[in-house]
Trainee: 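I am attaching a structure below and will ask some questions about it afterwards.
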Amino acid sequence: MSAENALGGLGAMLLSGDVEVVDCTGVLGPDTPIIQLPPDFAKNTPKVEIHKISEYDSDGPFFAWNWMVLGEHSGTHFDAPHHWITGKDYSDGFTDTLNVQRLVAPVNVIDCSKETEANPDFLLTADLIKAWEAEHGEIGAGEWVVMRTDWDKRADDEALFLNADETGPHSPGPTPDAIEYLLSKKIVGWGSQCIGTDAGQAGGMEPPYPAHNLLHRDNCFGLASLANLDKLPAKGAILIAAPLKIERGTGSPIRALALVPKA
């Protein structure tokens with residue numbers, strides 16, 4: 001089938017509903033959970049603010065619009081390589097210089113929801129990924145890989161979403177060997193339903209924060225605070241994860257969309 005015919009067929013299936021568009025994005029607003037770092041370690045991102053300019057009133061009689069206070073890594077968001085020190089030297093590592101061809105790709109959804117419900121500190125290992133591939137098929141070069149935990153069900157409660165105590169945050173994520181294995185498969189990026197791409201306790205791993213350290217070392221992307229991954233099949237969907245074209249941006253809130261064959 002030619003590319004022209006394939007796109008024509010996709011367009012027809014989108015119009016007919018045979019291919020559904022699934023929103024993999026959380027709501028972005030003042031109540032959106034924001035990552036909290038120790039004050040003696042780093043400066044934190046402010047909470048999202050939305051301020052009205054006008055709404056059919058004396059400040060603008062025919063139109064409504066707002067202005068915002070917004071961090072690049074707020075809500076459902078994209079991590080560009082320049083976000084982490086290991087990716088700082090890539091000229092195409094910013095949101096305005098990256099190759100957009102890489103942003104739309106097949107997505108592999110690894111379901112860990114039962115494990116994470118039982119253990120919020122659950123870690124996905126390389127061996128578990130290989131077992132998933134044995135059941136569902138190999139992860140291909142240039143594809144997205146996301147970890148389904150159903151953590152988005154906590155998003156209405158920031159304390160529950162961050163899930164922190166005196167020992168730090170407790171949320172699931174990948175081990176260093178899991179990320180190294182995925183990078184050996186030449187993936188485009190890794191995604192999580194938690195506040196960041198790493199597990200809550202990833203600061204104690206070697207290297208620390210392996211998703212950040214290793215993904216961006218290899219000029220790959222990260223996605224965080226994804227939603228509705230329970231509506232995606234293990235394989236067979238296409239993920240569109242496009243950041244705003246911010247000048248020298250290290251990341252951006254996104255509207256992550258998945259194209260899913262109708263069941």
Trainee: If every non-hydrogen atom of P176 is compared with every non-hydrogen atom of P207, which pair is closest and at what distance?
Mentor: CB-CD, 4.1 Å
Trainee: Quick check on the hydrophobic clustering: are I195 and V48 connected, directly or via other members, by side-chain heavy-atom contacts under 4.5 Å?
Mentor: no
Trainee: Do the ring planes of W132 and H136 sit parallel (below 30°), tilted (30 to 60°) or perpendicular (above 60°)?
Mentor: tilted
Trainee: For the residue pair P30 and T32, establish whether any side-chain heavy-atom pair is separated by less than 4.5 Å.
Mentor: no
Trainee: Under 4.5 Å between any side-chain heavy atoms of L229 and V146, yes or no?
Mentor: yes
Trainee: List the atom of W67, the atom of I53, and the distance in Å for their closest heavy-atom pair.
Mentor: CD1-CG1, 3.7 Å
Trainee: Give a yes or no on whether the backbone of Q101 and the side-chain of N99 come within a donor-acceptor separation of less than 3.5 Å.
Mentor: yes
Trainee: For the side chain of S54 and the backbone of A64, is there at least one donor-acceptor N/O pair under 3.5 Å apart?
Mentor: no
Trainee: Under a 3.5 Å cutoff, is there a donor and acceptor pairing between the side chains of N66 and H51?
Mentor: no
Trainee: Before you tell me yes or no, could you show the steps for R154 and D152 under salt bridge (Lys or Arg N to Asp or Glu O under 4.0 Å), namely the whole-Å CA-CA distance, both residues' side-chain angles and the distance that decides it to 0.1 Å?
Mentor: CA-CA 5 Å; R154 298 169 173 244; D152 57 324; over 6 Å; no
Trainee: Is there a donor-acceptor contact under 3.5 Å from the side chain of D177 to the main chain of A126?
Mentor: yes
Trainee: Taking S171 for its side chain and G200 for its backbone only, find out whether a donor-acceptor pair lies under 3.5 Å.
Mentor: yes
Trainee: Between L257 and V22, does the side chain to side chain contact (heavy atoms under 4.5 Å, CB included) criterion hold? Intermediate values first, please.
Mentor: CA-CA 6 Å; L257 302 174; V22 174; over 6 Å; no
Trainee: Let me see the working for I238 and V107 under side chain to side chain contact (heavy atoms under 4.5 Å, CB included), right down to the final yes or no.
Mentor: CA-CA 6 Å; I238 301 292; V107 60; over 6 Å; no
Trainee: Which atom names give the shortest non-hydrogen contact between T45 and G71, and what distance separates them?
Mentor: CG2-CA, 3.8 Å
Trainee: So how far is it from H77 NE2 to L244 CG, rounded to the nearest 0.5 Å?
Mentor: 13.0 Å
Trainee: Side chains of Y209 and W84, heavy atoms from C-beta outward: is any pair under 4.5 Å?
Mentor: yes
Trainee: Are the charged groups of E72 and R248 less than 4.0 angstrom apart, N to O?
Mentor: no
Trainee: Please tell me if the side chains of S91 and T97 come closer than 4.5 Å, counting only heavy atoms from C-beta onward.
Mentor: no
Trainee: What is the minimum heavy-atom distance between C194 and T149, and which atoms define it?
Mentor: SG-OG1, 4.3 Å
Trainee: State whether the number of non-hydrogen atoms from other residues, nucleotides or ligands found under 6.0 Å of K153 atom NZ is greater than 12.
Mentor: yes
Trainee: If only atom types and distance count, is the side chain of E158 paired as donor or acceptor with the main-chain N or O of I34 below 3.5 Å?
Mentor: yes
Trainee: Looking only at side chains, do S2 and N5 share a donor and an acceptor under 3.5 Å apart?
Mentor: yes
Trainee: Quick one: pull up OG1 in T86 and NE2 in H216 and give me the separation to the nearest 0.5 Å.
Mentor: 7.0 Å
Trainee: Is L223 close to T197 at the side-chain level, that is, under 4.5 Å between some pair of heavy atoms?
Mentor: no
Trainee: Indicate yes or no: does R102 engage E143 in a salt bridge with an N to O separation below 4.0 Å.
Mentor: no
Trainee: Hydrophobic cluster membership, with links at side-chain heavy-atom distances under 4.5 Å among I/L/V/M/F/W/Y: are V109 and W144 in one?
Mentor: yes
Trainee: Calculate, to the nearest 0.5 Å, the distance between atoms CD1 and CG belonging to I246 and D96 respectively.
Mentor: 9.0 Å
Trainee: Does the ring centre of F78 sit less than 6.0 Å away from the ring centre of F221?
Mentor: yes
Trainee: In the single-linkage hydrophobic clustering (I, L, V, M, F, W, Y; side-chain heavy atoms under 4.5 Å), do V104 and V188 co-cluster?
Mentor: no
Trainee: Answer yes or no: is there a donor N or O on one side and an acceptor on the other, between the side chain of Y181 and the main chain of D127, under 3.5 Å?
Mentor: no
Trainee: Are side-chain heavy atoms of L98 and L103 found at a separation under 4.5 Å?
Mentor: yes
Trainee: Treating T25 as the side-chain partner and A256 as the backbone partner, does any N or O pair qualify as donor plus acceptor under 3.5 Å?
Mentor: yes
Trainee: Between the side chain of S225 and the main-chain N/O of T76, is any donor-acceptor distance below 3.5 Å?
Mentor: no
Trainee: Can you get from M147 to L214 by hopping between Ile, Leu, Val, Met, Phe, Trp and Tyr side chains that sit under 4.5 Å apart?
Mentor: yes
Trainee: Of the non-hydrogen atoms in A242 and I254, which two are nearest, and what is the gap between them?
Mentor: O-CG2, 3.2 Å
Trainee: Between R148 and D230, is there a side-chain N and carboxylate O pair less than 4.0 Å apart?
Mentor: no
Trainee: Start with the C-alpha gap between K235 and E135, add the side-chain angles, then the distance that decides, and say whether salt bridge (Lys or Arg N to Asp or Glu O under 4.0 Å) holds.
Mentor: CA-CA 11 Å; K235 273 184 169 288; E135 180 178 355; over 6 Å; no
Trainee: Does the side chain of V260 come within less than 4.5 Å of K231's, by heavy atoms?
Mentor: no
Trainee: Which distance, rounded to the nearest 0.5 Å, do you find between the OG1 of T116 and the CG of L124?
Mentor: 10.5 Å
Trainee: Quick check for you: to the nearest 0.5 Å, what is the distance between T175 atom OG1 and M205 atom CE?
Mentor: 7.0 Å
Trainee: Any donor-acceptor pair under 3.5 Å linking the side chain of N219 with the backbone of G93?
Mentor: no
Trainee: Is L182 linked to L128 within one hydrophobic cluster, defined over Ile, Leu, Val, Met, Phe, Trp and Tyr using a side-chain heavy-atom separation of less than 4.5 Å?
Mentor: yes
Trainee: Any donor-acceptor pair under 3.5 Å linking the side chain of T125 with the backbone of A178?
Mentor: no
Trainee: Please examine the side chains of S113 and W151, heavy atoms only from C-beta on, and report whether any two atoms are closer than 4.5 Å.
Mentor: no
Trainee: Mind checking the NE2-OG1 spacing from H83 to T250? Nearest 0.5 Å is all I need.
Mentor: 6.5 Å
Trainee: Near L10 CG, under 6.0 Å, is it more than 12 heavy atoms from other residues, nucleotides or ligands?
Mentor: yes
Trainee: Are E138 and K185 close enough for a salt bridge, meaning some N to O gap below 4.0 Å?
Mentor: yes
Trainee: Under 3.5 Å, is there a donor on one side chain and an acceptor on the other for N163 and H170?
Mentor: no
Trainee: So does K245 have more than 12 non-hydrogen atoms from other groups sitting under 6.0 Å from NZ?
Mentor: no
Trainee: Measure across I179 and P210 and return the closest heavy-atom pair with its distance rounded to 0.1 Å.
Mentor: CG2-O, 4.0 Å
Trainee: Are more than 12 heavy atoms, taken from residues, nucleotides or ligands other than E117, located less than 6.0 Å from that residue's CD atom?
Mentor: no
